[in-house]
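Below, chains carry the letters A, B, ... as their sequence lines are ordered, and counting in each starts from 1.
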Protein chains: 2
Amino acid sequence: MTVDRRKQIVEAAAKSFSLFGYKATTMDQVAKLANVGKGTIYTFFANKEELFDEIMGNLIQEMKVLADTEYDADRHFFDNLNRILYRLLDYRERHQLAVKMIHEIRDMGTPKALEGMRQLENAILSYIQVKIRAAIDKGELKPCDPEITAFVMVKLYVALASEWAFGRPPLEKERIAELIRLYLMNGLSAD
Amino acid sequence: MTVDRRKQIVEAAAKSFSLFGYKATTMDQVAKLANVGKGTIYTFFANKEELFDEIMGNLIQEMKVLADTEYDADRHFFDNLNRILYRLLDYRERHQLAVKMIHEIRDMGTPKALEGMRQLENAILSYIQVKIRAAIDKGELKPCDPEITAFVMVKLYVALASEWAFGRPPLEKERIAELIRLYLMNGLSAD
DNA sequence: AAATGACTAAAATCCATTTTCGGTCAGTCG
DNA sequence: CGACTGACCGAAAATGGATTTTAGTCATTT
């Protein structure tokens, strides 16, 4: 084969979803961008949804790799947590697709965009869960429910890194790490 | 005077805002409910917004009283925090007005409903801030930024009490208190 | 002087018409 | 023959103009 049509399609779709969101991406547009007849898309993907799922899956995969690269089994849990969470959020913020999905959910409530972000969130949560379990086994963390703990960590991180900065000066990377350590690792109790 | 027209209007408006939300409450309806000519409303309130602000202010006032009733200076900060936060969220959940506002924000994005909830949130935040400051002075809490800490506490509480329960079995009142103590008071570090 | 409700301008809603878009399939081309 | 295409279809959404609703006013009534 002279050109990989599937790859062309996936790349064009990724670009379009990132640039215009789920709803505003048309199959005609993807076909044109990919230099492919519209029918060809349907030989690889049953419908628009499956095409989107492929793109979303790739994103999640990339983020997993990114986290694995950052993770260092020799370092302490909270050290790894801070670096990985920040990298993930950083990535999410920089990554056009995730940003578009968030906007689309807020502005139009597109169900498929919502589902995509849920998938992404679940992937992040279950990734952290595994690391929490390992940290408990290593004796770095108190025994605690890994699912709830992962949930709390992500929520706390999103709250500090993103929600705090509505009308308030955003917190520095380092400040956030320090706060997470204060609140979750050491606790506020003064005795 | 035979009847207090202002009071009639405020009561009718409170009922209507709670029952139908901000947008779906019409001045004609309030007038009829209050057994008052529409013009009369405008002798007490410049416009619909001011009428709403009055209702919202009353709600916040009531919640402050409720919190003050629960607060006991002799008890430990986290004891008070748990009881007050839970009461506030409980109240918010039960209180028709707040519930309606939350729905209206989600379903239609009514700006005035959003503003109202922001006011309420700010009131809760600044209330907790005061208590945090007191607890730091009493030596019950480590020195920390009271504004950020109040913010984190509310976010964590909302996450556990409300956001967790999307598709998952909700956490018990007592479990939430226990988790807040684990995460924020004692910390997860196992040293 | 206090209260009212018919009135107005502006905003929201409705709805018929048009346009767009996901998905198909008969036909083309290599 | 079979990979590929784009004109075509019905369903769903966008458009816009007519109609209704509603916040706010003010001349009139009590």
Side-chain angles (χ1 to χ4, degrees), chain A residues 1-56 100 103-105 107-116, chain B residues 1-56 100 103-105 107-116:
Chain A
M1 90 294 258
T2 48
V3 281
D4 184 346
R5 291 182 187 287
R6 191 176 197 283
K7 197 178 156 198
Q8 279 178 296
I9 292 166
V10 169
E11 273 171 15
K15 194 173 285 182
S16 183
F17 282 131
S18 304
L19 227 48
F20 308 114
Y22 182 81
K23 244 200 87 182
T25 289
T26 70
M27 296 304 259
D28 280 303
Q29 195 184 33
V30 172
K32 195 173 283 181
L33 246 161
N35 272 103
V36 140
K38 187 159 55 148
T40 309
I41 300 178
Y42 288 88
T43 63
F44 296 110
F45 302 96
N47 49 42
K48 189 179 176 181
E49 234 176 283
E50 277 199 11
L51 178 57
F52 179 71
D53 287 345
E54 165 101 7
I55 311 295
M56 207 62 209
K100 259 290 160 216
H103 287 350
E104 203 171 338
I105 291 165
D107 299 344
M108 316 193 292
T110 315
K112 195 64 198 172
L114 195 95
E115 193 197 306
Chain B
M1 85 303 251
T2 48
V3 283
D4 185 346
R5 292 182 185 289
R6 191 178 197 281
K7 198 180 156 198
Q8 279 178 297
I9 292 166
V10 169
E11 273 170 16
K15 193 173 286 181
S16 183
F17 282 131
S18 303
L19 227 47
F20 309 114
Y22 182 81
K23 245 199 86 185
T25 289
T26 71
M27 296 304 257
D28 280 303
Q29 195 183 34
V30 172
K32 193 173 286 182
L33 245 159
N35 273 104
V36 141
K38 186 156 62 144
T40 309
I41 300 177
Y42 288 89
T43 63
F44 295 109
F45 303 95
N47 50 43
K48 188 179 176 180
E49 231 176 287
E50 278 199 10
L51 177 58
F52 179 72
D53 287 345
E54 166 100 7
I55 311 294
M56 207 63 210
K100 259 290 160 213
H103 286 353
E104 204 170 337
I105 291 165
D107 300 343
M108 315 192 294
T110 314
K112 195 65 198 172
L114 196 95
E115 194 197 306

Report the distance from atom [atom1] of [X] to atom [atom2] of [N], rounded to the nearest whole Å.
{"X": "K32(B)", "N": "dT22(D)", "atom1": "NZ", "atom2": "C1'", "answer": "13 Å"}
{"X": "E49(B)", "N": "dG24(D)", "atom1": "CD", "atom2": "C1'", "answer": "13 Å"}
{"X": "N47(B)", "N": "dT22(D)", "atom1": "CG", "atom2": "C1'", "answer": "14 Å"}
{"X": "F52(B)", "N": "dT22(D)", "atom1": "CZ", "atom2": "C1'", "answer": "18 Å"}
{"X": "M27(A)", "N": "dG23(C)", "atom1": "CE", "atom2": "P", "answer": "6 Å"}
{"X": "K48(B)", "N": "dA23(D)", "atom1": "NZ", "atom2": "P", "answer": "5 Å"}
{"X": "I41(B)", "N": "dA2(C)", "atom1": "CD1", "atom2": "C1'", "answer": "15 Å"}
{"X": "D28(B)", "N": "dT20(D)", "atom1": "CG", "atom2": "P", "answer": "17 Å"}

**Message:** Would you compute the distance between atom CD of E115(B) and atom CD1 of I105(B) and round it to the nearest 0.5 angstrom?
**Reply:**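 Taking CD in E115(B) and CD1 in I105(B), the distance rounds to 10.5 Å.
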
**Asked** Near DNA chain D, which residues from residues 9-25 of chain B have a heavy atom under 4.0 Å away?
**Response**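 T25(B) - these, ordered by number, are the residues of the stretch whose heavy atoms sit under 4.0 Å from the strand.
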
Measuring only between side-chain heavy atoms, which start at C-beta, is [X] closer than 4.5 Å to [Y]?
{"X": "I9(A)", "Y": "F45(A)", "answer": "yes"}
{"X": "K112(A)", "Y": "D53(A)", "answer": "yes"}
{"X": "Q8(B)", "Y": "D4(B)", "answer": "no"}
{"X": "Y22(B)", "Y": "I55(B)", "answer": "no"}
{"X": "E54(B)", "Y": "F44(B)", "answer": "no"}
{"X": "F17(B)", "Y": "L51(B)", "answer": "yes"}

**Message:** Treating K48(A) as the side-chain partner and T25(A) as the backbone partner, does any N or O pair qualify as donor plus acceptor under 3.5 Å?
**Reply:**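 Confirmed, K48(A) side chain pairs with T25(A) backbone.
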
**Item:** Nearest atoms (heavy-atom pairs only) where S18(A) meets K100(A)
**Value:**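 In this case the closest contact between S18(A) and K100(A) is O-CG, 2.8 Å.
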
When you compare the protein's N or O atoms with those of nucleotides 3-6 of chain D, which come within less than 3.5 Å of each other, and at what distance?
unit_1	atom_1	unit_2	atom_2	d
dC4(D)	OP1	R5(A)	NE	2.6
dT5(D)	OP2	G37(A)	N	2.9
dT5(D)	OP2	T40(A)	OG1	2.4
dT5(D)	O5'	G37(A)	N	3.4
dG6(D)	O6	G39(A)	N	3.4

